[in-house]
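This report refers to the structure that appears directly beneath it.
Residue numbering restarts at 1 for every chain, and letters A, B, ... go by the order of the sequence lines.
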Amino acid sequence: MSGDVRVRFAPSPTGHLHVGGARTALFNWLFARHHRGLFILRVEDTDAARNRPEYAQAIYDGLRWLGLDWDEGPDKGGPYEPYLQSRRAERHLQVARELLQRGLAYECFCQPRTADNVADGSSLASDDGDEENVGGANSFAPKTTLACTCAKLSAEERDAKREEISPALRLRVPKGADFVVEDLVRGTVTFPNDMVEDFVLVTGDGRTLYNLAAAVDDHDMAITHVIRGEEHLANTPKQQLIYEAMGWKAPRFAHIPIILNAQRRKLSKRDGATSLVEYQAMGYVPDAVVNFLALLGWSPGGNRELLSRKELVELFDLDRVVKHPAIFDTAKLGWLNKEYIKAAPVSDLAARVTAFIDADHRRTSAGADWKIIPSYVEKVAALLHDRVKTTTEVLELGSYFFTRGPIAPDPEAVAKYCTEPVAIDRLREVRECLARLEPFETHDVEQAIRQLAAAKGIKPSEYIHPLRVAVTGKSVSPGIFEVCSILGRDVVLQRIDALVAFLRAADATAKAGR
RNA sequence: GGCCCCAUCGUCUAGAGGCCUAGGACGCCGCCCUCUCAAGGCGGAGACAGGGAUUCGAAUUCCCUUGGGGCUACCA
C-alpha cells in the first residue's frame with residue numbers, strides 16, 4: 001500500500017464516544033499509522049435534531065484518552081476544511097444541483113416517507129447512527145416501496161407542482177445491473193438491482209442527506225479507504241452510485257464486524273458501560289483498552305495477545321480482520337487491564353490512584369478521608385498492584401487504607417473468623433503483643449506474632465485471621481503484616497479495640513436475646 | 001417480510017485440503033505455594049451448528065437447512 005493512505009473517522013456527536021465507535025476509530029488509526037498515512041476526523045453533525053456541540057468535545061476527549069491522534073479535523077484544520085459536515089452543506093447542495101442539471105437526479109413531489117409515517121404503528125426509535133455502530137432497537141419494517149412516478153414528470157408538470165410543493169431531489173438509480181461492492185474484509189458483495197431505489201439526496205426543505213454528504217466529503221477529502229461498521233454495508237451501493245454519477249474514483253471500502261453485547265445484540269446504551277468515559281472512570285488504562293479493542297475483530301495470527309501500541313501499528317492490517325461479530329467481554333478486558341497494571345511500575349498505579357482521589361473522593365465507593373501522602377499511597381499501591389483489575393479497585397479492595405474512622409467489619413468475615421469466644425482472647429493477646437512492639441515494620445510484626453503463637457502453642461493463623469478482620473474489616477487482604485506496618489501501630493490497636501468492643505456488644509445482645 | 005452478512009470451546013480467536021486425536025488467551029474447575037486473597041507454578045473440563053456434495057482425504061471448497069446479526073427513512 002502506498003504512502004498516501006487517507007482514512008477518516010466520522011462520528012456524529014450524539015453522545016459520548018462509545019466502545020463500538022472507539023473500535024472503529026482505532027482500526028482506522030491503526031491502518032493509517034501502519035501505512036504511514038493520515039488519520040482524519042470528520043464530525044457528521046448534520047442531524048440538528050440529535051446533535052449536541054458538547055458531544056463533539058466528548059468525542060475528542062475520548063479519542064485523546066485512547067491516544068488516537070488525528071492529523072486533520074475540525075479542531076485542528078487541514079487542507080480540506082471544513083471538517084464539520086454541517087458547514088459543508090453548500091458544497092453538498094452544489095453537487096446535488098449538478099446532478100439535477102445533468103439529469104442524473106430529479107425532483108420528487110411525493111409525500112415524504114419518514115420513519116414516523118412509514119411504519120404504521122411500529123415506532124422507530126432513531127438510532128445514534130453515524131459512521132459507527134451505536135445501539136438502539138430498530139423494529140422499522142417498511143411495507144411500502146417507492147411508488148413515486150416523479151421521474152417521468154414533464155417539465156411543465158414539474159413547474160406546476162413546484163408552485164405548491166418544494167421538491168426533494170432523488171438520484172436516478174440505473175436499472176438493470178446488480179450492484180457490487182468490493183469489500184476489503186468481505187470480498188465481493190452483490191446487491192440485487194431492485195434493492196436500491198431512487199433515494200433522496202436533498203429533502204424538500206433543502207437539507208442534504210447522509211449518503212450524499214458522506215460521499216461528497218469522502219471524495220473532497222481524498223479519502224482512500226472507508227473503514228466503518230458493517231451496518232453501513234447496505235449504504236455502500238448508494239454512495240458508489242454518487243461517485244459514479246459524478247465521475248469520481250470511489251475509495252476502497254472495508255466493513256468491520258459489529259460489536260455485540262452479551263445478549264448477542266448490537267451494543268446499545270442500555271448495556272451498561274458502553275461509553276468510553278465509563279471505563280476511564282472505572283480506572284482502566286488506555287493502553288489496555290486499546291489492546292482489547294484491537295483484538296475485537298482482529299488478531300495478529302499466532303498466539304499473541306498482549307500487544308503494545310507500537311506492535312499493534314506494526315502488525316495491523318485489514319486482511320486479518322474477521323467477518324463475524326464479536327461480543328464485548330468485560331472479563332477479558334479486566335484481565336488485560338490487570339496485566340497492564342502489573343507490567344507498569346508501582347509508581348504508575350500510585351499516581352493513578354492519587355489522581356482518582358484528587359479528582360473526586362465521592363466517586364469511589366470507599367470514599368477517601370485519609371490524608372493523602374504520596375509515600376503512603378505508594379506503599380498501598382505496592383501491596384495491591386498484583387491484585388487489582390482497575391485503578392479504582394485499589395480504593396475498594398484497600399478501603400481500610402483510606403478510612404480514618406471506625407471500619408465496619410464484614411459480617412461474613414466475623415462469622416468466619418471471630419465466632420468463638422476465643423476470638424476476643426486472641427485479639428487481646430495480639431493487641432498486648434503489638435502494643436509494645438518497636439519498631440513496627442513488617443518483619444517485626446510477623447516475628448512478634450509468630451513468636452506469640454509459638455509461645456502459646458497454637459498456629460499463627462489463630463491470631464492472623466481475627467487480626468485481619470479487626471484491621472481490614474474483611475476476610476481477604478494482602479499480607480497482614482505488611483498491612484499492619486503500613487497502617488501503623490496506633491491505627492492497628494485502635495481497630496483491635498473496636499472489634500473487641502463490637503464482639504462484646506454482639507455477645508451481650510445475643511445473651512440478652514435468649 | 002425483503003435484502004445483505006456471518007457461523008471453531010461459555011467468550012475472543014488460530015486454522016487459508018493432509019502438519020488437527022483442532023492450538024492459544026480470558027473465564028471456569030482441581031492441585032501446589034500459603035496468614036486469607038491475589039500473583040506464580042502444574043493439571044483439567046470445554047468447540048469445528050446440522051445435512052448433503054466434491055475429494056484418496058474437509059474445520060478448511062460447493063449446496064441446502066438451521067441459527068445469529070445487520071440493513072430497511074426526505075436519520076446518521
Side-chain angles (χ1 to χ4, degrees), chain A residues 10-12 14 44-47 49-51 85 108 110-119 124 126-134 138 140-143 145 168-170 181 183 186 189-192 194-196 199-205 207 209-211 213-214 229-235 255 257-258 260 262 264-266 292 295-306 322-329 331-336 338 342 384-388 397 413 416-417 446 449-450 459-465 467-469 472 474-481:
Chain A
S12 94
T14 56
E44 307 208 327
D45 58 342
T46 49
D47 187 351
R50 292 192 291 130
N51 291 315
Q85 198 162 65
C108 171
C110 298
Q111 268 298 313
R113 268 187 313 155
T114 64
D116 297 327
N117 67 25
V118 71
L124 194 163
S126 193
D127 198 354
D128 307 354
D130 45 41
E131 284 277 317
E132 295 59 69
N133 44 30
V134 196
N138 201 330
F140 179 53
K143 309 211 166 26
T145 49
L169 239 51
R170 286 186 187 274
V181 175
D183 192 274
R186 267 146 233 285
V189 181
T190 305
F191 297 89
D194 58 9
M195 193 198 141
V196 183
F199 59 96
V200 174
L201 265 15
V202 184
T203 67
D205 51 5
R207 287 161 20 242
L209 261 19
Y210 168 71
N211 283 122
E230 197 207 314
E231 70 269 29
H232 287 282
L233 186 54
N235 273 326
H255 289 93
I258 305 266
L260 268 23
R264 300 206 139 271
R265 287 279 123 92
K266 193 167 152 186
F292 175 70
L295 259 17
L296 236 42
W298 172 84
S299 94
N303 292 328
R304 310 188 60 185
E305 299 270 347
L306 282 160
V322 303
K323 298 175 179 177
H324 52 266
I327 291 171
F328 194 85
D329 180 11
K332 187 155 187 176
L333 205 211
W335 167 77
L336 259 171
K338 192 174 202 169
K342 286 195 302 188
L384 288 166
H385 87 131
D386 274 359
R387 297 159 204 268
V388 295
L397 260 39
K416 192 170 180 184
Y417 293 121
E446 172 160 16
I449 289 177
R450 289 196 189 283
K459 288 190 292 185
S461 59
E462 295 273 324
Y463 290 112
I464 287 169
H465 290 308
L467 178 60
R468 168 171 290 115
V469 177
T472 70
K474 302 168 189 282
S475 58
V476 166
S477 83
I480 193 62
F481 311 123

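- Contact annotation: the side chain of A:I449 approaches that of A:L467 to within less than 4.5 Å [non-hydrogen atoms, C-beta and beyond].
- Contact annotation: A:R450 reaches the phosphate of B:C35 (side-chain N/O to OP1 or OP2, under 4.0 Å).
- Between the side chain of A:N235 and the base of B:A76 there is at least one donor-acceptor pair of N/O atoms closer than 3.5 Å.
- Among the protein residues, A:R207 comes within range of the sugar-phosphate backbone only, with heavy atoms under 4.0 Å from sugar or phosphate atoms but none that close to a base.
- Distance A:I480 CD1 to B:U34 C1': 15 Å, rounded to the nearest Å.
- A donor-acceptor contact shorter than 3.5 Å is absent between the side chain of A:D45 and the backbone of A:N51.
- Here the C1' atom of nucleotide B:C37 and the CG atom of A:L397 are 8 Å apart, to the nearest Å.
- Among the heavy atoms of the strands lying under 4.0 Å from A:V322 are primed sugar atoms or P, OP1, OP2 only; no base atom is included.
- Remark: the separation of the C1' atoms in B:C62 and B:A47 is 23 Å, to the nearest Å.
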Expected string for nucleotides 6-11 of chain B under the B/S/- scheme (protein heavy atoms, under 4.0 Å, primed atoms plus P, OP1, OP2 as sugar-phosphate) is SS---S
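- With both ends at atom P, the span from B:A7 to B:U61 equals 9 Å, rounded to whole Å.
- Within the 4.0 Å cut-off from OP1 or OP2 of B:C37, not a single side-chain nitrogen or oxygen of A:R468 is found.
- Atom P of nucleotide B:C75 and atom CZ of A:F199 are separated by 14 Å, given to the nearest angstrom.
- Dashed line: the shortest gap from a side-chain N or O of A:S475 to OP1 or OP2 of B:U36 is not under 4.0 Å.
- Across the strands present, B:A38 finds no partner; the criterion is a Watson-Crick or G-U wobble pair with both atom distances under 3.5 angstrom.
- Within 4.0 Å of A:P192, counting heavy atoms only, lie sugar-phosphate atoms of the nucleic acid but no base atom.
- A distance of about 16 Å separates the C1' atoms of B:C6 and B:A59, rounded to the whole Å.
- Checking B:C3 for Watson-Crick or G-U wobble geometry (two distances, each under 3.5 Å) identifies B:G70 as its partner.
- Between the CG atom in A:L201 and the CG atom in A:L169 there is a gap of 6.0 Å [rounded to 0.5 Å].
- Base pairing of B:A25: its partner is B:U11, meeting the Watson-Crick or G-U wobble criterion (both donor-acceptor distances under 3.5 Å).
- Remark on RNA chain B: of its neighbouring residues A:L233 and A:T46, the 5'-side contact belongs to A:L233, judged by nearest-heavy-atom nucleotide.
- Distance check: A:S299 OG to A:E305 CD gives 8.5 Å after rounding to the nearest 0.5 Å.
- Rounded to whole angstrom, the span from the NE2 atom of A:H232 across to the P atom of B:C3 amounts to 23 Å.
- Look at NZ on A:K338: it is 11 Å from P on B:C26, rounded to the nearest Å.
- Per the geometry, CG belonging to A:L201 stands 14 Å off C1' belonging to B:A73, to the nearest Å.
- When heavy atoms are screened at a 4.0 angstrom cut-off, A:F292 is found touching no nucleic acid atom at all.
- Taking atom C1' in both B:G51 and B:G15, one finds a spacing of 23 Å when rounded to whole Å.
- Rounded to the nearest Å, the gap between the P atom of B:C32 and that of B:C37 is 12 Å.
- Looking at heavy atoms from C-beta onward, A:P300 lies in side-chain contact with A:L295 at the 4.5 angstrom threshold.
- Atom CD1 in A:I327 sits 13.0 Å away from atom NZ in A:K332 (nearest 0.5 Å).
- Where A:K342 and A:G479 meet RNA chain B, the nucleotide closest to each residue was compared, and A:G479 sits on the side nearer the 5' end.
- Straight-line distance from the CG atom of A:D183 to the P atom of B:C5: 10 Å, rounded to whole Å.
- Classification of the A:F292-A:F328 ring pair by plane angle, with boundaries at 30° and 60°, yields perpendicular.
- With a cut-off of 3.5 Å on both pairing distances, B:U54 has no Watson-Crick or G-U wobble partner at all.
- Residue-level contact check: A:A168 touches the bases, meaning some heavy atom is under 4.0 Å from a base atom.
- Look at B:C33: it lacks any Watson-Crick or wobble partner with both distances under 3.5 angstrom.
- For the C1' atoms, the distance linking B:U13 with B:G27 amounts to 14 Å, nearest Å.
- Taking the side chain as every heavy atom from C-beta outward, A:R186 and A:E230 approach each other to under 4.5 Å.
- In this structure, A:E462 atom CD and B:C35 atom P are separated by 13 Å, rounded to whole Å.
- With sequence neighbours left out, A:R450 forms a side-chain contact (heavy atoms from CB on, under 4.5 Å) with A:E446, A:P460, A:F481.
- Between the OG1 atom in A:T14 and the CD atom in A:E44 there is a gap of 11.5 Å [rounded to 0.5 Å].
- The same atom, P, is picked in B:G50 and in B:U34; the two are 47 Å apart, to the nearest Å.
- For the P atoms, the distance linking B:C3 with B:C20 amounts to 42 Å, nearest Å.
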